[in-house]
*Asks:* 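Structure in structure tokens, see below.
Please read these numbers as outputs of a predicted model, since none were measured by experiment. Proteins come first, then strands; the chains are lettered A, B, ... in the order of their sequence lines, and each starts at number 1.
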Amino acid sequence: MALAIKENNQLYLSNFETFEKNLNGEAGSWCHDVRRDALRKFDELGFPTTRNEEWKYTNVASIAKENFKHIIQPDFDLVSTNDILRYDYNGLAVHLLVFIDGHFSGKHSSVRDLPDGVKIGSLAEALRADAAAVKQHLTKYARYDDDAFTALNTAFINDGAYIYLSDNALIEKPIHLLFLASGKSEPFVSYPRNLFIAGKHSKATIIETYTGIKNNRYFTNAVTEVFVDENAHIEHHKVQEESSEAYHVSTIQTYQMANSNFVSNAIDFGGLIVRNNPRATLDAEGVESTLNGLYLGTGSQLIDNHTTIDHAKPHCNSHELYKGVLDGSARGVFNGKIFVRLDAQKTDAKQTNQALLLSDGASIDTKPQLEIFADDVKCTHGATIGQLDEEALFYLQTRGIQRDMARDILTYAFASDVIDRIKIKELRDYCHQRVLVKLQQDRLEGIDKE
Amino acid sequence: MLDVKNLHVEIEGTQILKGIDLSVKPGEVHAIMGPNGSGKSTLAQVISGRDTYDVTGGEITYLGKDMLDMEPDERAREGLFMAFQYPVEIPGVTNSYFLKTGLNEIRKHQGLEPLDAMDFLKHIKEKAKILDISTDMLNRSVNEGFSGGEKKRNEILQMAVLEPKLAIMDETDSGLDIDALRIVSDGVNRLRTKDRAIIVVTHYQRLLNYIVPDYVHILLNGKIVKSGDKNLAIELEEKGYDQIRAEYSDVKAKLEETV
Ligand SMILES: Nc1ncnc2c1ncn2[C@@H]1O[C@H](COP(=O)(O)OP(=O)(O)O)[C@@H](O)[C@H]1O
Ligand SMILES: [Mg+2]
């Protein structure tokens, strides 16, 4: 088997040509030079096969071989108000940006009464209106030289969310970025590209939601770059509920300055093949970085989380808690990389990965990957894989609780550990509810099969 | 109420219970005494429906029904309760949620309206007060980080809340200091009614000073070797298990011949 699949490269090259023609004069910009460079890189890399160590357990051949249509002109009318309201998270008051098939839809969005020093809008707009700040940060953190998906996303940079917080800017209301895939039956791809810039001492909460309105096949290839300046504090939540036929590959690259705090809770419910690459670079002292995740896989879902925490400077703390619940013949992958550079003394890094296998057909491949070059550090990692505790099930049953319900209670408790870290009550309640619905769905599907 | 007849139980091919007969009627308190490893917990767990044990012979009827056909939760909904020797820790599930769910499942089965959060709280506070148990543990995860005494008190509280018809208490006294023992046994005594039967499983006679049984059975090596009234417990305390064992080694020998 080859290291890469390149048979569809021509499709992407010709998609690029069409894309380029539609850029209206922007083709001479610095950004376009980067796009071209990224396209070249993608052409060289091709889609990875399982011979590539980073993709050992995740076969993306079905993505590589599909003829995805690149949507340049979105049809916003394919999405109704109800599709949007499904994600109002129990009436949570937010600044809402809606993206349909990767494109910002102003008519579905609502951003009002922004505090001073805060800009929220589309990247397409910011590339024109906020050119200096965008140029300073965009494509500076998410490397694409060894990552075909990031290269592809970078080649097609056009739209996504742009959040800019100037020094000391505080925004109370969470910012909700809702990425909706339309119900088009022909397989299509979108390349959301997000840029969050948090100035010194700024503070914000950002929610990213990725979902589809039908059970159609599409491919979301998203890249988010986050620059967190000194003493800034960003709470980030990601809810991934793509359609059951969809492919979702995402990278979030955070770059943190001194004494900044970045917390991310990522919840995966949907998608057929899902690969997330949450990456944080701690490039100054006193940084706190937290990457938490929960994934619930059923049917033949494959959910792969490859986290990377790069401790480049001393006195930083990182925390990772990833939990997976896998049923049916679902597969999970967790790979947790932690680099502690020579300079990064007094690093405290903690990584925990726990998977619960609810059926014989479910499986998980998990690997911590610690590369430590400093000597005075504290790094702990633990991985557990297990079934529901029979003793606990029996205990619940002896109190009158039926076995199915007892299983749900224990599974829910396992999953809640991550959800409970979401500070926004409305979103937390939504996720709790969603876990219950998914557990029940599984059982109904299980009964169907019998 | 409960009739155990010639019950034989194996685990992984090893015979543990070798023909148990036990008959319990409403309002009675039975004590089952025996040294470590005699099969007390096995009996309690099999009656409760634990499926890691293989019942290779005999029968258990409960309220006229074949109990061996029932799931553990069905048995519980029919009014059976077991206080565990080693209560299980369940992180992430709060005690109150757990108990409320169980209680409401039992109520549904009895054709009663489920209790809402408020009514449940009232119900549980009432019970806790009668038992002189603090309700602090309600908002904690089930048994997680509980001391030995707290775990046992939690079992008693659950018993009081679920109001079983038949309660089996598996070494609820072990590991308790004298004060905790008093709380637990006072609790049990308050739960004694003419309709409710209780089986107290214990290693020591000590508990039976507080919970005075109507019947005492001595379990040795998977077999009830002697039954009597409360005086049997006192006799056992005086003689010790070794002497009883010696007395019944003949019985045992005979038994093994017949097996
Ligand atoms: N899971 C098990 N596997 C093998 N043997 C067991 C298991 N559980 C109990 N036993 C054995 O069964 C016998 C009775 O145990 P148990 O019922 O716990 O006794 P008691 O409660 O009277 O101390 C003991 O010899 C014990 O070693
Ligand atoms: Mg025991």
Side-chain angles (χ1 to χ4, degrees), chain A residues 265 267 292-296 321-325 352-356 358 382 384-422 428-429 431-436 438-440 443, chain B residues 44-53 70-95 97-110 112 114 141-144 151 154-155 157-159 161-164 166-168 170:
Chain A
N265 298 301
I267 322 267
N292 297 328
L294 169 68
Y295 49 100
L296 290 123
L321 173 65
Y322 265 78
K323 286 197 155 192
V325 177
T352 309
N353 170 53
Q354 298 174 341
L356 181 59
L358 293 180
T384 55
I385 300 168
Q387 278 94 37
L388 288 175
D389 179 2
E390 277 297 332
E391 295 275 340
L393 280 172
F394 178 62
Y395 191 67
L396 290 165
Q397 282 185 277
T398 61
R399 280 15 176 189
I401 300 168
Q402 290 182 36
R403 195 171 167 88
D404 278 347
M405 199 176 195
R407 286 174 65 89
D408 284 358
I409 290 173
L410 295 182
T411 308
Y412 180 77
F414 176 84
S416 290
D417 194 6
V418 174
I419 295 174
D420 287 341
R421 287 157 206 254
I422 298 174
R428 198 168 60 229
D429 289 348
C431 290
H432 277 308
Q433 193 56 36
R434 196 64 185 69
V435 169
L436 284 178
K438 187 147 180 164
L439 290 175
Q440 273 151 20
R443 211 173 37 244
Chain B
Q45 298 255 337
V46 167
I47 292 172
S48 302
R50 183 85 164 111
D51 66 2
T52 44
Y53 300 93
M70 294 159 78
E71 292 293 316
D73 48 291
E74 278 179 86
R75 300 179 195 200
R77 288 195 296 274
E78 290 287 350
L80 176 70
F81 180 89
M82 173 176 61
F84 281 59
Q85 182 175 5
Y86 303 108
V88 185
E89 300 197 5
I90 310 181
V93 178
T94 61
N95 227 351
Y97 174 78
F98 156 72
L99 253 182
K100 179 167 151 261
T101 309
L103 176 63
N104 281 338
E105 287 297 301
I106 292 169
R107 288 177 65 92
K108 254 194 273 173
H109 182 74
Q110 295 169 340
L112 297 170
S141 288
V142 179
N143 295 323
E144 193 184 30
K151 282 183 183 168
N154 195 22
E155 296 293 292
L157 180 61
Q158 291 178 39
M159 173 174 157
V161 168
L162 300 179
E163 302 178 323
L166 171 63
I168 305 171
D170 190 1

*Asks:* Considering all heavy atoms of both residues, which atom of B/Ile168 and which atom of B/Ala44 are nearest to each other, and what is their separation?
*Replies:* CG2-CB, 3.8 Å
*Asks:* Between chain A and chain B, which N and O donor-acceptor pairs fall under 3.5 Å? A table would be great.
*Replies:*
{"unit_1": "A/Glu391", "atom_1": "OE2", "unit_2": "B/Arg50", "atom_2": "NH2", "d": "3.1"}
{"unit_1": "A/Tyr395", "atom_1": "OH", "unit_2": "B/Asn143", "atom_2": "ND2", "d": "3.2"}
{"unit_1": "A/Tyr395", "atom_1": "OH", "unit_2": "B/Glu155", "atom_2": "OE2", "d": "2.3"}
{"unit_1": "A/Tyr395", "atom_1": "OH", "unit_2": "B/Gln158", "atom_2": "NE2", "d": "3.1"}
{"unit_1": "A/Gln397", "atom_1": "NE2", "unit_2": "B/Asp73", "atom_2": "OD1", "d": "2.8"}
{"unit_1": "A/Arg399", "atom_1": "NE", "unit_2": "B/Gln158", "atom_2": "OE1", "d": "2.6"}
{"unit_1": "A/Arg399", "atom_1": "NH1", "unit_2": "B/Met82", "atom_2": "O", "d": "2.7"}
{"unit_1": "A/Arg399", "atom_1": "NH2", "unit_2": "B/Met82", "atom_2": "O", "d": "3.1"}
{"unit_1": "A/Arg399", "atom_1": "NH2", "unit_2": "B/Glu155", "atom_2": "OE1", "d": "2.7"}
{"unit_1": "A/Arg399", "atom_1": "NH2", "unit_2": "B/Gln158", "atom_2": "OE1", "d": "3.3"}
{"unit_1": "A/Gly400", "atom_1": "O", "unit_2": "B/Arg77", "atom_2": "NH1", "d": "3.0"}

*Asks:* Only pairs of heavy atoms separated by less than 4.5 Å count here; which of B/Leu99, B/Val88, B/Val142 has the most with chain A?
*Replies:*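 Going by pairs under 4.5 Å, I would pick B/Val88.
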*Asks:* Between B/Pro164 and B/Leu80, which heavy-atom pair has the shortest distance, and what is it?
*Replies:*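 Distance-wise, the nearest heavy atoms are CB-C, 4.4 Å.
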*Asks:* Roughly how far, to the nearest 0.5 Å, is CD1 of B/Ile47 from CG of B/Leu166?
*Replies:* 7.5 Å
*Asks:* In Å and rounded to the nearest 0.5 Å, what is the OH to CD1 distance from A/Tyr295 to A/Ile267?
*Replies:*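 Answer rounded to 0.5 Å: 12.5 Å.
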*Asks:* Using a 4.5 angstrom heavy-atom cutoff, name the option from B/Pro72, B/Pro91, B/Gly102, B/Gly49 with the most pairs to chain A.
*Replies:* B/Pro72
*Asks:* Would you compute the distance between atom CG of A/Leu388 and atom CD1 of A/Ile409 and round it to the nearest 0.5 angstrom?
*Replies:* 11.5 Å
*Asks:* With side chains defined as the heavy atoms from C-beta onward, is the minimum distance between A/Leu356 and A/Leu410 less than 4.5 Å?
*Replies:*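 Not touching, per the 4.5 Å side-chain cut-off.
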*Asks:* Please report the interatomic distance CD1(A/Ile419) to SG(A/Cys431), rounded to the nearest 0.5 Å.
*Replies:* 5.5 Å
